[in-house]
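For reference, the structure is listed below as structure tokens.
Computed over heavy atoms, backbone and side chain alike; hydrogens, waters and symmetry mates excluded. Letters go in sequence order (proteins before strands), and every chain restarts at 1.
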2 protein chains.
Amino acid sequence: MGRPRAFDETEVIRAAAELFASRAYDGVSVDDLVTTLGVHRNSLYKVFGSKRGLYLAALRWYLAERVSPVLAELRTTADPAAGLQALLTSDRDDLDLLILAVVERAPADQEVADLVAGVLREVDAAVARALPAEAIAPALTATILGLRLRARAGGTAPDAGTVLLHHIQSSGT
Amino acid sequence: MGRPRAFDETEVIRAAAELFASRAYDGVSVDDLVTTLGVHRNSLYKVFGSKRGLYLAALRWYLAERVSPVLAELRTTADPAAGLQALLTSDRDDLDLLILAVVERAPADQEVADLVAGVLREVDAAVARALPAEAIAPALTATILGLRLRARAGGTAPDAGTVLLHHIQSSGT
DNA sequence: ATCAGTCAAGAACGACCGTTCCTCAATTGG
DNA sequence: CCAATTGAGGAACGGTCGTTCTTGACTGAT
């Protein structure tokens with residue numbers, strides 16, 4: 001019984017993730033969310049409890065639906081080198097929210113810190129499988145993050161990471 | 001004539017940079033600044049014009065007094081490898097404000113974007129001088145940034161970058 | 001000693017923050 | 001078809017935001 005929901009919860013989370021990926025947490029107001037998500041304040045608080053609750057839902061969705069698939073592909077692909085190269089391409093948006101979460105939310109929110117720490121370990125593991133020397137995986141994960149980070153400031157060569165990757169591959173086992 | 005200033009402008013800028021390096025721009029309030037800097041609101045607006053004005057002054061000071069010396073040392077040192085290794089060590093705080101500026105201010109503030117783009121080019125140039133293959137410098141700069149980024153989320157091995165560096169050096173010309 | 005000029009001190013501004021409340025519309029089980 | 005239940009709508013809450021104004025204390029030149 002009762003009036004049925006007039007919005008798709010997953011779509012709302014997806015749109016929230018997009019918004020939180022573009023600006024810092026404190027830079028996204030509840031008014032912004034209500035306006036761009038098309039959901040009423042009341043429903044938003046009913047479903048997610050708070051702005052932080054919606055943020056955490058958006059972050060979890062992003063890690064599960066945007067980041068994890070990329071890692072799964074890297075783990076199962078027949079051509080790991082191509083997968084790595086794709087990750088090292090900076091003109092993508094499948095790590096933006098993760099980077100913003102690491103830089104500005106993790107230091108202030110333990111739950112965010114735990115979430116991103118877990119996913120970064122997964123990235124390390126996936127990257128390691130595609131490398132001649134597994135020990136450099138954490139550093140290469142950092143390179144991936146750093147290239148995306150640079151892209152946010154504009155003016156980065158999209159294939160800067162490819163050069164490093166070839167250097168590593170040509171020298172490794 | 002007039003009453004002399006009761007605070008050291010440089011010290012205020014330095015303290016502001018420290019605060020802006022620890023939290024996102026919108027997470028630092030003018031009240032926070034007034035309290036921890038020990039400067040009165042009035043003086044702050046008189047000298048810097050606005051919160052953004054103080055932020056830009058802090059960023060410029062940080063880039064000139066904290067980042068540039070590291071690059072200068074890397075350019076002039078007799079042991080470039082050691083300098084690079086130091087930069088690849090993640091438990092330092094001489095890039096925090098730069099990273100935060102790149103991630104969350106540059107996309108929203110053109111002046112910040114220009115400042116950090118310039119300094120990133122300087123980092124590339126300094127790093128390139130210390131490498132066997134100059135072309136991988138932008139990627140290694142990204143690695144440096146990425147390692148510091150990961151350090152903000154906690155639980156990173158401080159020497160993760162060293163492994164990559166040795167890998168590169170042992171294989172290059 | 002006086003006066004112009006600068007700074008310190010803190011109250012106060014309107015705007016916006018995240019959150020809650022109240023009322024009405026829509027739906028389904030009886 | 002009516003009662004019960006839930007979402008939508010929008011005003012409103014206290015608090016905090018960045019910024020400004022008013023007042024008085026201090027200083028150096030006249």
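In this structure, CG of B/L44 is placed 14 Å from C1' of C/dA9, rounded to the nearest angstrom. Following rounding to the nearest Å, A/F7 (CZ) and D/dG9 (C1') show an atom-to-atom distance of 14 Å.
Between B/S68 atom OG and B/R75 atom CZ the span is 7.5 Å, to the nearest 0.5 Å. Note that the CZ atom of A/R129 and the CG atom of A/L71 stand 12.0 Å from one another [nearest 0.5 Å].
Ring geometry for A/Y25 against A/Y55 counts as perpendicular: the plane angle is over 60°, on a 0 to 90° scale with 30° as the lower cut.
Looking at A/H40, its side chain has no donor and acceptor atom pair within 3.5 Å of the base of D/dG7. With hydrogens and angles ignored, no donor-acceptor pair closer than 3.5 Å exists between the side chain of A/N42 and the base of D/dG7.
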Identify all pairs in which a protein N or O lies below 3.5 Å from an N or O of nucleotides 17-19 of chain C, and state each distance.
{"residue": "C/dC17", "atom": "OP2", "partner": "A/D31", "partner atom": "OD2", "Å": "3.4"}
{"residue": "C/dG18", "atom": "OP1", "partner": "A/V28", "partner atom": "O", "Å": "3.4"}
{"residue": "C/dG18", "atom": "OP1", "partner": "A/K51", "partner atom": "NZ", "Å": "2.6"}
{"residue": "C/dG18", "atom": "OP2", "partner": "A/V30", "partner atom": "N", "Å": "2.7"}
{"residue": "C/dT19", "atom": "OP2", "partner": "A/Y45", "partner atom": "OH", "Å": "2.7"}
{"residue": "C/dT19", "atom": "OP2", "partner": "A/K51", "partner atom": "N", "Å": "2.9"}
{"residue": "C/dT19", "atom": "O5'", "partner": "A/Y45", "partner atom": "OH", "Å": "3.3"}
{"residue": "C/dT19", "atom": "O4", "partner": "A/R41", "partner atom": "NE", "Å": "2.5"}
{"residue": "C/dT19", "atom": "O4", "partner": "A/R41", "partner atom": "NH2", "Å": "3.1"}

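Counting heavy atoms from C-beta on, the side chains of A/L115 and A/V119 never come closer than 4.5 Å. Side-chain contact between A/F20 and A/L33 is present, with heavy atoms from C-beta onward closer than 4.5 Å. Between B/E111 and B/R52, the closest side-chain pair of non-hydrogen atoms falls below 4.5 Å. Residues A/T162 and A/H166 have side chains in contact (heavy-atom distance under 4.5 Å, counting atoms from C-beta outward).
Distances were taken from every side-chain heavy atom of A/K46 (C-beta onward) to each of D/dG7, D/dG10, C/dA9; the shortest belongs to D/dG7.
Listed in residue order, the members of residues 14-22 of chain B having a heavy atom less than 4.0 Å from DNA chain D come to none.
Between the side chains of A/D32 and A/T35, no donor N or O sits under 3.5 Å from an acceptor N or O.
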